[in-house]
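One structure below.
Remember, it's a predicted structure, so these values are computed and weren't measured experimentally. All residue numbers refer to positions in the sequence shown, counting from 1.
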Amino acid sequence: MTFIETKLTAAKTITTAPQETDKPLADGYVRLRLAAASLCGTDLHYFNHFANAGFVLQNPVTLGHEACAWVVDANGSDLEEGQLVALNPIMNCQTCPACLRGEVNLCSNKKFPGSATTVPHLDGFFRSQIDHPARCCRPVAADVKPEHLTFAEPMACALHSLNKGGVSKGQKVLVTGCGPMGLLAIAGAAARGADVTALDLRPKTVEIAKAAGAKEGLVIGEFDEATLAGQFDVVVEASGAIPAFNTALKALRQKGRLSILSNIQLRQAEVILHLVMLKEIEIVGSFQFNREFEEAVQLIESGQVDFDVLTAGTFPLEQTAEALEMMAAGEAFGKIVLRGHA
């Protein structure tokens, strides 16, 4: 078998090369073979700009933080050789105040692969062989498809946003933005029994949103936005756009809650903040996840969500560059999956 690793060496430049596989295995780590991985908007920002959210890469790095893998060397852990595991990319310190509260997403000393937030940078998961902490590997049921398990990390992020928003059965929920994260929020909310409405500029993504579980799909410009006023218990903002944020404020009922899932882009725009006061709206941020990683894996194991509907395309690992280029071109409606070597 040929082991390969991909590296982002400059903006829009991915190199593929043989991977060194004989490095010593550190205590507490297991050796894994990539089964499948998926692309994230964060990967796209690094691909386009060699930076993301103000964090600039200082050297080439392997991208990827959404993946699953087979155990090759359990290294004395409770895992078993050949087992399929979901990879939790948050390597928290376990000792800071946030960790002790169970809020690992806010750990002040966490390590995160494929990102400039960790210095020195840690290589991500777009490579054949991965060494990862055993405590961050979650074994799954034997019948789980690796392509579906790549959704564990982004689904955990979506579920965290739903939890911050207090989404539960019977609630009316609006999701603004039907990109990959919005679609996962829709699927997660629908699985909880919420009455979900999806909103986006693109008719095709709205159709996928309905297939993912939205009872109603709305295309901006094709309906009267006044009909949304005060209709929703919770809005999940997944577009990152200020106009959608304003739509959310108008769409919420009194004492409704707005959960911000996607990073709102910094640009000058007017925000109708007086509605926050007049309707006593609660606005909550949502960053990564905590216990939701386990919730996401259980949801995948349950088979409640049709992840094939949410998959925009599949590429072999050696075509990581082509996959990122497809995503950069805006041709992906849903998640793009990379296949490892069997």
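Within the 3.5 Å criterion, the main-chain N or O of Leu252 finds a donor-acceptor partner in the side chain of Lys279. Proximity of a side-chain donor or acceptor of Ser259 to a complementary backbone N or O of Ser161 within less than 3.5 Å is detected. Between the side chain of Lys164 and the backbone N or O of Gly285, at least one donor-acceptor pair lies under 3.5 Å. Under a 3.5 Å cut-off, the side chain of Asn246 and the backbone N or O of Glu270 do form a donor-acceptor pair. The main-chain N or O of Ala238 is found under 3.5 Å from a side-chain atom of Ser262 such that the two form a donor-acceptor pair. Not a single donor-acceptor pair under 3.5 Å links the side chain of Gln319 to the backbone N or O of Leu317. Counting only distance, with no hydrogens or angles, the side chain of Asn92 and the backbone of Lys110 share no donor-acceptor pair below 3.5 Å. Counting only distance, with no hydrogens or angles, the side chain of Gln83 and the backbone of Glu80 share a donor-acceptor pair below 3.5 Å. With hydrogens and angles ignored, the 3.5 Å screen pairs no side-chain donor or acceptor of Thr205 with any backbone N or O of Leu201. Checked by atom type and distance alone, the side chain of Thr118 pairs as donor or acceptor with a backbone atom of Phe112 at under 3.5 Å.
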Full working for side-chain contact (heavy atoms from CB on, under 4.5 Å) between Ile283 and Val276: CA-CA 8 Å; Ile283 300 175; Val276 178; 3.8 Å; yes
Verdict with supporting geometry, Cys178 and Phe333, side-chain contact (heavy atoms from CB on, under 4.5 Å): CA-CA 9 Å; Cys178 298; Phe333 299 97; over 6 Å; no
side-chain contact (heavy atoms from CB on, under 4.5 Å) assessment of Gln58 paired with Val119: CA-CA 9 Å; Gln58 300 176 15; Val119 181; 4.1 Å; yes
Chi angles and distances behind the side-chain contact (heavy atoms from CB on, under 4.5 Å) call for Phe289, Met155: CA-CA 9 Å; Phe289 51 86; Met155 177 58 87; over 6 Å; no
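Annotation: side chain of Arg127 is not in contact with side chain of Ile4 (no heavy-atom distance under 4.5 Å). Using a 4.5 Å cut-off on side-chain heavy atoms (C-beta onward), Leu324 and Thr320 make contact. Between Arg291 and Asn163, the closest side-chain pair of non-hydrogen atoms falls below 4.5 Å. Residues Val140 and Ile300 form no side-chain contact, since every pair of their non-hydrogen atoms from C-beta on lies 4.5 Å or further apart. Two residues are said to be in side-chain contact when any heavy atoms from C-beta on lie closer than 4.5 Å; Leu184 and Phe307 meet this criterion. Between Phe126 and Leu39, the closest side-chain pair of non-hydrogen atoms falls below 4.5 Å. A 4.5 Å side-chain heavy-atom check between His160 and Asn105 finds at least one atom pair inside the cut-off. In this structure, the side chains of Leu32 and Val72 stay at 4.5 Å or more apart for every pair of heavy atoms.
Hydrophobic clustering (ILVMFWY, side-chain heavy atoms < 4.5 Å, transitive): Ile186 and Val206 are in distinct clusters. Cluster annotation: Leu159 is not connected to Leu106 through the hydrophobic network of ILVMFWY side chains, with a link wherever side-chain heavy atoms come within less than 4.5 Å. Note: the hydrophobic cluster containing Phe287 does not contain Val104 (ILVMFWY, side chain heavy atoms under 4.5 Å, direct or indirect links). There is a path of hydrophobic side-chain contacts, each under 4.5 Å, that joins Val271 to Ile220. Grouping the Ile, Leu, Val, Met, Phe, Trp and Tyr side chains by contacts below 4.5 angstrom, directly or via other members, places Leu299 with Val297.
Remark: Glu282 engages Arg257 in a salt bridge, criterion side-chain N to carboxylate O under 4.0 Å. Looking at Glu295 and Arg192, a side-chain N of the basic residue comes within less than 4.0 Å of a carboxylate O on the acidic one, giving a salt bridge. In summary, Lys210 and Glu207 engage in a salt bridge, as defined by a charged side-chain N under 4.0 Å from a carboxylate O. Note on Arg253 versus Asp233: salt bridge recorded, some NZ/NE/NH1/NH2 to OD/OE distance being below 4.0 Å.
Rounded to the nearest 0.5 angstrom, Ser286 OG and Leu258 CG are separated by 11.0 Å. Atom CG of residue Asn290 and atom CZ of residue Arg101 lie 9.5 Å apart, to the nearest 0.5 angstrom. Here the CG-SG distance, from Leu100 to Cys93, works out to 7.5 Å after rounding to the nearest 0.5 Å. For the atom pair Phe47 CZ and Glu325 CD, the distance stands at 5.0 Å (nearest 0.5 Å). To the nearest 0.5 Å, the span separating CG on Leu218 from CG on Leu174 amounts to 7.5 Å. For the atom pair CD (Glu147) and CZ (Arg339), the distance works out to 8.0 Å, reported to the nearest 0.5 Å.
Leu79 approaches Pro139 most closely through the heavy-atom pair CD2-CG, 3.5 Å. What you find for Cys99 and Thr95 is that their closest heavy atoms are CB-N, 3.9 Å. Considering every non-hydrogen atom in both Pro203 and Val219, the closest pair reads CA-CG2, 3.9 Å. Smallest separation of non-hydrogen atoms from Ala11 and Asn48: CB-O, 3.5 Å. Closest heavy-atom contact between Gly124 and Pro113: CA-CB, 3.8 Å. Across Leu34 and Cys68, no two heavy atoms sit closer than the pair CD1-O, 3.6 Å.
With respect to Phe293, the side-chain contact (heavy atoms from CB on, under 4.5 Å) criterion is satisfied by exactly one of Asn88, Leu87, Ile90: Asn88.
Residues Tyr29, Met91, Leu122 make up the rest of the hydrophobic cluster containing Leu25, defined by ILVMFWY side-chain heavy atoms closer than 4.5 Å, directly or through other members.
Phe125 meets the ring pair (Phe, Tyr, Trp, His ring centres under 6.0 Å) test with His132; sequence neighbours excluded. Remark: Lys23 pairs with Glu20, Arg31 by the side-chain contact (heavy atoms from CB on, under 4.5 Å) rule, at least two apart or across chains.
At most 12 non-hydrogen atoms from other residues, nucleotides or ligands lie less than 6.0 angstrom from CG of Asp78. Within 6.0 Å of CZ in Phe55 there are 12 or fewer heavy atoms belonging to other residues, nucleotides or ligands. Within 6.0 Å of CD on Glu280 lie no more than 12 heavy atoms contributed by other residues, nucleotides or ligands. The environment of Glu322 atom CD is dense: over 12 non-hydrogen atoms of other residues, nucleotides or ligands sit within 6.0 angstrom.
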